[in-house]
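For reference, the structure discussed in these notes is given below.
Naming convention: chains lettered A, B, ... in sequence-line order (proteins, then strands); numbering from 1 in each chain. Worth knowing before you read on, the calculation uses all heavy atoms, side chains too, and leaves out hydrogens, waters and symmetry mates. Because the structure is a prediction, the values reported are computed rather than measured.
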Amino acid sequence: MKNKTDTPLTEDFDTQTLQINVGPQHPATHGVFRMDLTLDGETVVRLKPVMGYLHRNHEQIAENMTYAASMPYTDRLDYFNSMSNNFGYALAVEKLAGIEVPERADYIRVILAELTRIVNHISVIGFLLNDLGAFFTPLTYAFREREKILDLFEEIAGSRMMCNYFRFGGVKRDLPPGLLERIRTMMDVFPRFLDEFEALLTDNDILCLRCQNVGVLGRELALNAGLSGPMLRASGLGYDIRKVDRYSIYGRFDFKVPVGSKGDVYDRYYVRVLEMRESLKILDQALRQIPSSGDIISRKAAPFLKAPRNFKPPVGEAYGRVESPKGELGFYVVSDGSPQPWRYHVRAPSLINLTVLEDLCIGHKLADAMVILGSIDIVLGEVDH
Amino acid sequence: MIFGAGILKGMLVTLRSFVNSYFKKPDQGGLFTVEYPEKRLVAKERFRNFPFLVYDEKPEDPRCVACDICAKECPPKCITIVRDADAEGRPLKKPALFDIDLSVCMNCGICEEACPFDAIFMDHEFEIAGTERHQSLLYHKEDLLKSNGYFRQIRPSDAALIDARRKEAEDKKKAALKPAAPPEKKE
Ligand code: SF4
Ligand code: SF4
């Protein structure tokens, strides 16, 4: 009896660490992803991510078909954001072939890319709350708003998620009549929804307790691991490719890059909320500036719409990157002058952001590991490509 | 803040959404889901699902000339075309076999874009589920052929554009043929 009061309880027993597998078929892993965890009690002492269950040989497939035929495959990388994937790939090939994009097409692209960002961030926050245990109520609110944007996508591109809408030198078709007004209507309602969402969450004590000081990512690590996107910005580094590269026409818009201070899960949540508000600002400016008519595909590239096999970029290489909602999405293409790329490589932000998972999770409880994974925002289609 | 205030606030938001869902318009927070098999949303005109072939007058004369371009451009290569031949074995300008494996098709719409003869278009049909996955999803020419009237019905503005373009091309062809006709008679 005396012994027990003197020493902590666990020292009486011969304890062992426990190794468990979470996934690949676990709802908390956001897809077919496995975490090989070693737990001491409830605390994570080791974590090994195991991936590749969704490997589809994307790069090799792309090297065996025409440049244009890879476009629908890029939709399937990060299936939440097919528009920004299209954007990245189109930029890379345009650089390679030296194609200019007409003004109106550029505006359409930016509008769609920002709508995609809203779709992505709103669903990520919904899923993050699912991981926290706020089952489905916030997620359904988020999906309700996402639905409206996906309806717009369907009207523009013909498909809700696999848009396949961008073409080298422009976009596939012009916007249907009246669509800009519909985007405007959606934008008028959206801030109200965001306010409500924030009222529900931002100051909520449960959310704060679960998220603040959990999974803190220091600047040093974030930089060394090559992270990008909201993950990096939540750690206080304001690096945004839209500002750094000013690709497409992003140089014309006035918007801020929100940064976090601590780099915990809460910051990663809040940076995303702020980014949505900035996206609305960009949308607002773009909708006001967009020319009401004009070419939607450059004259140089238009003939290749009908005959993709004749599209042979000159020998050379190009790297095109965009700030996708998840981070720096880059496409590297090497041409040997044939209709097929000689080398095609994707820099997938989900994959690189995932590399810090172990560092973030060690020392936290198992339940927090799920939340941290949720806050990294991965899509397995992109991780495994 | 008192502990539990967050829960109360959350409940209030939920209650408000619940009430709004019955009394507001769909884009203001009201209910906008439909009960699917009984009610259906109208498909958007550009909605694309699986391709189909068009014919103008009779299904025996499809617009398709079996040029094989769509089959070459299709990214997952799910189209198979065999050109028809007449009794002497000379190739005809129509397909004898036109198969699309819908289990492989990824609804990209590239076949529609690449076809130079406006012969293949994306359909709105999506209820194609079957109990067997090899034969029931392999669509043959007969399953794929649909009339131009159907195309006009599902995609009125696209059909109007394409019909106008085809008519113009035909008129030009006729105009070009007429002066060419007399010299033929002389010979
Ligand atoms: S559908 Fe069009 S592209 Fe395909 S074989 Fe027929 S005519 Fe050629
Ligand atoms: S929609 Fe795409 S995948 Fe399907 S048959 Fe046409 S080109 Fe092939």
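Taking the six-membered ring for Trp, Phe304(A) and Phe168(A) have ring centres at least 6.0 Å apart. Checked against the 6.0 Å centroid criterion, the rings of Tyr150(B) and Phe52(B) qualify as a close aromatic pair. Centroid-to-centroid, the aromatic rings of Tyr89(A) and Tyr344(A) come within less than 6.0 Å.
Contact count against chain B (heavy-atom pairs under 4.5 Å) is highest for Pro176(A) among Ala157(A), Ser159(A), Pro176(A). When Ile69(B), Val13(B), Thr33(B) are compared by the number of non-hydrogen pairs under 4.5 Å with chain A, Val13(B) comes out ahead. The greatest number of non-hydrogen atom pairs below 4.5 Å with chain A, out of Cys74(B), Ser157(B), Cys108(B), is found for Cys108(B). Between chain B and the residues Arg192(A), Arg173(A), Glu145(A), the largest count of heavy-atom pairs under 4.5 Å involves Arg173(A). Listed options Lys77(B), Met122(B), Arg48(B) were ranked by heavy-atom pairs under 4.5 angstrom with chain A; first place goes to Arg48(B). Between chain B and the residues Lys172(A), Met65(A), Glu147(A), the largest count of heavy-atom pairs under 4.5 Å involves Lys172(A).
A donor-acceptor contact shorter than 3.5 Å links the side chain of Asn86(A) to the backbone of Tyr165(A).
For Asp188(A), no part lies near chain B; criterion is any non-hydrogen pair under 4.5 Å. Contacts of Met162(A) with chain B are made by backbone atoms alone, with heavy-atom separations under 4.5 Å and no side-chain atom involved. Only the side chain of Arg167(A) has a heavy atom closer than 4.5 Å to any heavy atom of chain B. For chain B, the nearby part of Tyr141(A) is the side chain; its heavy atoms alone come within less than 4.5 Å. With a 4.5 Å cut-off on non-hydrogen atoms, Cys115(B) touches chain A through its backbone but not through its side chain. With a 4.5 angstrom heavy-atom cutoff, Glu113(B) touches chain A via backbone and side-chain atoms both. Using a 4.5 Å cut-off between heavy atoms, Cys163(A) contacts chain B through its backbone alone, with no side-chain atom that close.
No cation-pi contact links Arg76(A) to Tyr79(A), judged by a cut-off of 6.0 Å to the six-membered ring centre and 45° from its axis.
In the model, Thr116(A) has no side-chain atom that pairs as donor or acceptor with a side-chain atom of Asn81(A) under 3.5 Å.
Residues Leu145(B) and Leu53(B) meet the side-chain proximity criterion, which asks for heavy atoms closer than 4.5 Å. Side-chain contact between Ile156(A) and Val171(A) is absent, with no heavy-atom pair separated by less than 4.5 Å.
Among all heavy-atom pairs drawn from Pro138(A) and Phe197(A), the shortest one is O-CE1, 3.7 Å.
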